[in-house]
Student: 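Take this structure, written in structure tokens, and hold onto it; I'll ask about it next.
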Protein chains: 2
Amino acid sequence: MKRVNKISKNQLQRLPAYLYHLQMLRASGVNRVTSPQIAKDLDLNVELVKKDFALVSSTQGTPRAGRDIDDLIHDLIKFLEYDKESTAILVGCGSLGRALIGYRGFDDFGFNIVAAFDNNPDLIGTKIGELTIYPLERLNEIQSIKKAKIGIITVTAKAAQLVADQLVKAGIGAIWNFAPANLMLPSDIIVQDESMASSLAVLSHRLKMKERSLKRKLK
Amino acid sequence: MKRVNKISKNQLQRLPAYLYHLQMLRASGVNRVTSPQIAKDLDLNVELVKKDFALVSSTQGTPRAGRDIDDLIHDLIKFLEYDKESTAILVGCGSLGRALIGYRGFDDFGFNIVAAFDNNPDLIGTKIGELTIYPLERLNEIQSIKKAKIGIITVTAKAAQLVADQLVKAGIGAIWNFAPANLMLPSDIIVQDESMASSLAVLSHRLKMKERSLKRKLK
DNA sequence: TAGATTGTTAATCGATTAACAATC
DNA sequence: TAGATTGTTAATCGATTAACAATC
């Protein structure tokens, strides 16, 4: 059995940053890149970059000359599967739901929101861009046609569990949860929480540490 | 010198989840909680929960009886500084900016967006809730009054670097960046990237792994 | 008391960082 | 060639998990 190269969460999270940066460099006429250069640009450890590139690259880099930027971009796109269409349905057409539906960056990732739901009668039947908002009752029916892989939850914390249950019942295998709630779901369902609270906790703590060290220096 | 207990990023990210869950439990009449119970609820390792609670708690837990839920909630709020006001200004009043300004959860975290900016003439002077949208030119002036700690960037990737530079010039110490761009800033400025691309990369990968293992089982 | 839970110490695991030979 | 960069192996670091004595 071939040993599959495992990739860590951190590693995965770095890949889009590389891709974005490489595309910027290419746009400014750069043809080749080296690990030390990218490490410097993105403020990362060189060995980290070397290993990341080695993992996604289909070719070896050449000592001293680095890698062809087009090859590397191509390999990253391939690895991240940005060249394959991936579909999602979204429940909750409040401001955050609208923002996600309108997010233009998703195109670049091959990511497509193919249906939107809400249970507010005022919203049902109205459009957000190309998408018509459907009532939640039609979730099963529409998902059976669209067969989306991912369900996006942008409802209130209170409604989130109920919506999650309905998405699972409709056959969704993964949930991208933007509601501040701890969803309880079968273990085979993938749940990814996008928690403002967690992000803010990290940011606030970093800020606090910074302020403390400034105060120490002032003494 | 007293050794300061360091807290890791992961640990910080778990704290709001505990708090939310505990508040739910309290609302349903629970008075005391134990680590094994919370670990089971949130699908975490027991030792992890024990250490997290030990870190934030002002009191010791009692064997067999666990902790008083109110005390623990209080300690978490204290630790996360949700009882202290924290302010931010936001640049970019598109749909995402609007969603953040309208996000009601921030109140619970003591987090307040106190000014909003955009350079679209159609938006300037209009209101989002209580906030008036100001032109970017007035950033310095308004920040000198508001003295916000955090700058939120919800502009396009193209404009992000420029906006970041202006925020830094206006005296902002930390940037919460929602634009898909790699900001290059002085090292003393805290930058926290909220990357849709990174999140999606992780989610897609998890989904891919799941599909693979399902296929293997079907053989 | 018995047994569950506590706090804490030790073992394991995995990711990052450092070191180094190979090579263009 | 000289020296920078490559891929890879070893060392370090930190977080998670396991183990266990103390105790209510």
Side-chain angles (χ1 to χ4, degrees), chain A residues 2-15 17-18 21-22 25 30-69 71-72 75-76 79 198 201-202 205-206 209, chain B residues 2-15 17-18 21-22 25 30-69 71-72 75-76 79 198 201-202 205-206 209:
Chain A
K2 200 180 151 235
R3 179 78 165 71
V4 181
N5 270 332
K6 264 196 84 177
I7 184 167
S8 76
K9 191 182 157 189
N10 288 358
Q11 215 167 1
L12 270 169
Q13 297 195 120
R14 286 191 293 267
L15 301 188
Y18 293 134
H21 187 64
L22 291 172
L25 288 177
V30 174
N31 289 319
R32 300 191 70 84
V33 285
T34 65
S35 302
Q37 183 56 48
I38 300 299
K40 209 181 137 210
D41 290 350
L42 301 188
D43 203 22
L44 294 170
N45 183 288
V46 193
E47 283 76 21
L48 217 54
V49 178
K50 284 198 278 182
K51 287 192 177 167
D52 290 344
F53 284 0
L55 184 77
V56 301
S57 285
S58 55
T59 56
Q60 295 239 121
T62 37
R64 224 145 130 64
R67 290 185 150 81
D68 181 272
I69 196 168
D71 287 350
L72 190 50
D75 288 338
L76 275 165
F79 193 96
S198 291
V202 174
H205 185 261
R206 292 173 67 194
M209 290 300 110
Chain B
K2 198 178 151 238
R3 178 79 163 70
V4 181
N5 271 330
K6 263 196 86 177
I7 185 168
S8 75
K9 192 183 155 188
N10 288 357
Q11 215 167 0
L12 271 169
Q13 296 194 121
R14 285 192 293 269
L15 301 187
Y18 293 133
H21 187 64
L22 291 172
L25 288 177
V30 174
N31 289 319
R32 299 192 70 84
V33 287
T34 65
S35 303
Q37 184 54 49
I38 300 298
K40 209 181 136 210
D41 290 350
L42 301 187
D43 201 24
L44 294 170
N45 184 288
V46 194
E47 282 77 20
L48 217 53
V49 178
K50 282 198 280 183
K51 287 193 175 165
D52 290 344
F53 284 0
L55 184 76
V56 300
S57 284
S58 56
T59 56
Q60 294 239 122
T62 37
R64 225 145 129 63
R67 291 185 149 81
D68 181 272
I69 196 167
D71 288 350
L72 190 49
D75 288 339
L76 275 165
F79 193 96
S198 291
V202 174
H205 185 261
R206 292 173 67 194
M209 291 300 110

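To find a chain, count down the sequence lines: A is the first, B the second, and so on, and within it residues start at 1.
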Student: Between CG of Asp43(A) and CD1 of Ile38(A), what distance do you get to the nearest 0.5 Å?
Tutor: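 The distance works out to 13.0 Å.
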Student: Could you pull out all residues at least two apart from Asp52(B) that satisfy side-chain hydrogen bond (donor to acceptor under 3.5 Å, both in side chains)?
Tutor: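 side-chain hydrogen bond (donor to acceptor under 3.5 Å, both in side chains) check on Asp52(B) returns Gln11(B), Arg14(B), Tyr18(B).
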Student: Can you list the steps and then say if Met209(B) with His205(B) is a side-chain contact (heavy atoms from CB on, under 4.5 Å)?
Tutor: CA-CA 6 Å; Met209(B) 291 300 110; His205(B) 185 261; 3.6 Å; yes
Student: DNA chain D in dot-bracket, Watson-Crick or G-U pairs under 3.5 Å, [ ] crossing, | other strand?
Tutor: ..||||||||||||||||||||||
Student: Lys40(B): which residues meet the side-chain contact (heavy atoms from CB on, under 4.5 Å) condition with it, sequence neighbours left out?
Tutor: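 For Lys40(B) there are no side-chain contact (heavy atoms from CB on, under 4.5 Å) partners, ignoring immediate neighbours.
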Student: If I take atom CZ from residue Phe53(A) and atom CG from residue Leu76(A), how far apart are they, to the nearest 0.5 angstrom?
Tutor: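 Rounded to the nearest 0.5 Å, the CZ-CG separation comes out at 7.0 Å.
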Student: Could you give the side-chain donor-acceptor pairs of residues 30-37 of chain A under 3.5 Å, partners two or more places apart or in another chain?
Tutor:
unit_1: Arg32(A); atom_1: NE; unit_2: Ala65(A); atom_2: O; d: 3.0
unit_1: Arg32(A); atom_1: NH2; unit_2: Thr62(A); atom_2: OG1; d: 3.4
unit_1: Arg32(A); atom_1: NH2; unit_2: Gly66(A); atom_2: O; d: 3.1
unit_1: Thr34(A); atom_1: OG1; unit_2: Gln37(A); atom_2: N; d: 3.4
unit_1: Gln37(A); atom_1: NE2; unit_2: Asp41(A); atom_2: OD1; d: 2.9

Student: Given Leu42(B) and Val49(B), is the side-chain contact (heavy atoms from CB on, under 4.5 Å) satisfied, shown in steps?
Tutor: CA-CA 10 Å; Leu42(B) 301 187; Val49(B) 178; over 6 Å; no
Student: Can you name the side-chain contact (heavy atoms from CB on, under 4.5 Å) partners of Lys9(A), sequence neighbours left out?
Tutor: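 In terms of side-chain contact (heavy atoms from CB on, under 4.5 Å), with neighbours along the sequence ignored, Lys9(A) is linked to Gln13(A), Val202(B).
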Student: List for me each residue that meets side-chain hydrogen bond (donor to acceptor under 3.5 Å, both in side chains) alongside Ser198(A), sequence neighbours excluded, and say none if there are none.
Tutor: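 With neighbours one apart ignored, the set is Ser195(A).
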Student: Specify the residues of residues 32-43 of chain B, ordered by number, for which at least one heavy atom lies under 4.0 angstrom from an atom of DNA chain C.
Tutor: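 Hits under 4.0 Å, by residue number: Thr34(B), Ser35(B), Pro36(B).
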Student: Quick check on DNA chain C: between Gln11(A) and Thr62(A), whose nearest nucleotide comes earlier from the 5' end?
Tutor: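 Its nearest nucleotide lies further toward 5', so the answer is Gln11(A).
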Student: Which ones in residues 45-54 of chain B lie close to DNA chain D, meaning a heavy atom under 4.0 Å from one of its atoms?
Tutor: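 The answer is Asn45(B), Glu47(B), Leu48(B), Lys50(B), Lys51(B).
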Student: Closest nucleotide of DNA chain C for Arg64(B) versus for Gln60(B): which of these residues is on the 5' side?
Tutor: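 Here Arg64(B) is the residue nearer the 5' end.
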Student: If you count the non-hydrogen atoms of other residues, nucleotides and ligands that lie under 6.0 Å from CG in Asn45(B), is the total more than 12?
Tutor: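 Counting other residues, nucleotides and ligands, CG of Asn45(B) exceeds 12 neighbours.
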Student: Residues two or more places apart in sequence or in another chain: which of them pass side-chain contact (heavy atoms from CB on, under 4.5 Å) with Asp71(A)?
Tutor: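 In terms of side-chain contact (heavy atoms from CB on, under 4.5 Å), with neighbours along the sequence ignored, Asp71(A) is linked to Asp68(A).
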Student: With sequence neighbours excluded, tell me which residues meet side-chain hydrogen bond (donor to acceptor under 3.5 Å, both in side chains) with Ser58(B).
Tutor: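 With neighbours one apart ignored, the set is Asp75(B).
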Student: Who pairs with Ser57(A) by side-chain hydrogen bond (donor to acceptor under 3.5 Å, both in side chains), at least two apart in sequence or on another chain?
Tutor: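 Arg67(A).
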Student: Does anyone know the first and last nucleotide of DNA chain C in reach of chain A, 5' to 3', at under 4.0 angstrom to a heavy atom?
Tutor: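 So the contact region on DNA chain C extends dA15(C) to dC24(C).
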